[in-house]
There are 2 protein chains.
Amino acid sequence: MRIAELSRQSGVPVPTIKYYLRENLLPPGELSSPNQARYGEHHLRRLRLIRALVDLAQIPIAQVKEIVAGLDSPTLPLHDQIGRAHRAITPTRNLTTTPEAHTAASRQVDDLIRSRGWTIEPDAPALTTLVDTIAAMHTLDHDYLTTFLDTYADAVEKFTTLEITAVTSRQTPDQIAESVVIGTILGETLISSLRLLAQESISAHLWTGHPAGPAGD
Amino acid sequence: MRIAELSRQSGVPVPTIKYYLRENLLPPGELSSPNQARYGEHHLRRLRLIRALVDLAQIPIAQVKEIVAGLDSPTLPLHDQIGRAHRAITPTRNLTTTPEAHTAASRQVDDLIRSRGWTIEPDAPALTTLVDTIAAMHTLDHDYLTTFLDTYADAVEKFTTLEITAVTSRQTPDQIAESVVIGTILGETLISSLRLLAQESISAHLWTGHPAGPAGD
DNA sequence: GTTTATGGATACTGCTACTATCCATCACGA
DNA sequence: TCGTGATGGATAGTAGCAGTATCCATAAAC
């Protein structure tokens with residue numbers, strides 16, 4: 001397959017494909033002559049993955065690059081694959097909260113982790129985000145929202161176990177690596193849109209007095 | 001309070017505050033003379049909210065503008081407030097998936113909504129995202145991930161009910177409006193980081209053979 | 001009464017994610 | 001074999017976003 005065909009099948013414009021090739025998001029095609037290259041199914045799959053990450057999950061190109069670099073060397077154990085994906089989707093933020101709110105939030109998070117028996121490395125990317133978010137809720141005077149922390153954790157634990165076992169039951173290392181990325185990243189947009197739909201439905205029932213509640217009747 | 005003080009207390013540079021004023025993210029200060037304005041607690045709160053949305057939740061300035069515009073007219077019923085927040089955080093995407101994957105995904109989503117008894121307007125912003133995400137999982141050959149849809153929905157329903165009742169139990173309409181925004185948007189970053197931590201912990205236990213599981217023992 | 005800060009306007013900057021152009025080859029049908 | 005169009009690779013240009021920087025007439029503070 002030549003570049004025009006790759007473009008047609010993926011829906012990605014040729015100049016954009018060239019850009020992805022330049023940025024090493026896409027491995028180069030196999031050269032048959034100094035200026036002729038062939039692309040295969042692998043390129044098409046990769047291109048679709050890139051577009052899903054960019055368009056749907058809104059991951060910056062630089063992070064997508066990290067992610068696919070990880071896919072091309074799938075010799076890492078699962079735990080490290082996951083860590084890599086997490087690092088790629090967790091932006092480095094410059095915190096704005098006051099030190100007091102931050103330490104209070106830290107303590108709250110530590111308690112949570114301890115009470116649930118979680119094993120978290122202190123430099124886990126999501127840890128900073130969680131602490132910052134809770135600290136922000138404090139400084140915004142809406143810290144009552146953090147009373148649900150344990151309920152959230154309960155819910156989240158439930159499906160995460162499922163996800164991980166499903167991912168590990170994939171056949172080849174490449175499939176596992178891809179599953180980690182797709183499951184972690186697209187899984188997030190999926191869950192978040194489900195949450196919005198649930199909010200929509202529940203608030204519709206409460207407000208418009210619709211007969212049946214979303215939890216069934 | 002003058003602008004320098006506002007800047008000091010919020011940690012936001014003066015030129016940035018001026019930018020937010022220009023863009024109407026921040027209401028103008030009260031003019032005491034043609035070129036002197038005073039800012040109050042309200043401005044400080046608003047500024048902190050803006051930074052939380054921008055820095056933590058990565059919401060584009062244009063959407064933050066929509067969100068705070070909604071806060072300044074909190075006469076809408078809760079359901080509409082929620083709808084507004086949802087619209088603000090759901091980017092308009094140009095879908096890339098094939099029509100077949102899209103219709104298959106649509107059917108799957110319709111089934112889910114029906115089986116759960118949810119009431120969803122057909123133009124709900126999250127609906128498109130959910131369909132697109134599932135369609136992407138199909139085209140990426142990882143549609144087995146959608147077998148958890150119901151488990152996700154279960155989990156999500158559980159805490160969403162809590163959230164909504166908590167938000168409605170706030171005192172004033174302004175507080176409710178703010179709660180909707182913070183709960184919906186910062187709630188999302190909170191849940192997503194909790195999910196990442198749970199993944200991290202569970203994979204650590206599975207892989208490194210750590211004695212106690214995260215679900216307790 | 002001089003130094004500093006302010007509000008408002010306008011212009012500029014750095015970054016990201018592409019697009020556009022160019023050109024020397026290469027493929028392929030007439 | 002010739003000519004037209006596509007290709008790979010390089011380089012340059014663009015649009016949008018989120019601020020920054022500068023300027024200036026006026027006001028505040030000491």
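Naming convention: chains lettered A, B, ... in sequence-line order (proteins, then strands); numbering from 1 in each chain.
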Tell me whether the OP1 or OP2 atom of D/dA28 has a side-chain N or O from B/Ser33 closer than 4.0 Å. yes
Looking only at heavy atoms, the pair that brings A/Ile182 and B/Leu145 closest together is CG2-CD1, 3.6 Å
Under 4.0 Å: is that the gap between some side-chain N or O of A/Tyr39 and OP1 or OP2 of D/dT7? no
Side chain of A/Asn35 (C-beta onward), nearest among C/dC18, D/dA29, C/dA24: C/dA24
Looking only at side-chain N and O atoms, does A/Tyr19 come under 4.0 Å of OP1 or OP2 in D/dT11? no
Atom-pair distance (CG on B/Leu25; C1' on D/dG19), nearest Å: 12 Å
To the nearest 0.5 Å, atom CG of A/Asp55 lies from atom CZ of A/Arg48 at 13.5 Å
Between A/Pro60 and B/Leu21, which has a closest nucleotide on DNA chain C that is more 5'? B/Leu21
Quick one: B/Leu53 CG to D/dG19 P, roughly how many Å, whole number? 12 Å
Under-3.5 Å donor-acceptor pair between A/Arg22 side chain and C/dT19 base: yes
In whole Å, what is the span from the NZ atom of B/Lys18 to the C1' atom of C/dG8? 7 Å
Taking the six-membered ring of A/Tyr144, is the NZ or CZ of B/Arg170 close enough (under 6.0 Å from the centre) and on axis enough (within 45°)? yes
Assuming nearest nucleotide by heavy-atom distance, tell me which of B/Tyr20 and A/Pro28 is located more 5' along DNA chain D. A/Pro28
Atom CD of B/Glu30 and atom P of C/dG7 are separated, to the nearest Å, by 13 Å
Contact nearer the 5' end of DNA chain D, comparing A/Arg38 with B/Arg38: A/Arg38
So which nucleotide from C/dT19, D/dA28, D/dG19 ends up closest to the side chain of B/Thr16? D/dG19
Can you tell me if CD on A/Glu23 sees more than 12 non-hydrogen neighbours from other groups inside 6.0 Å? yes
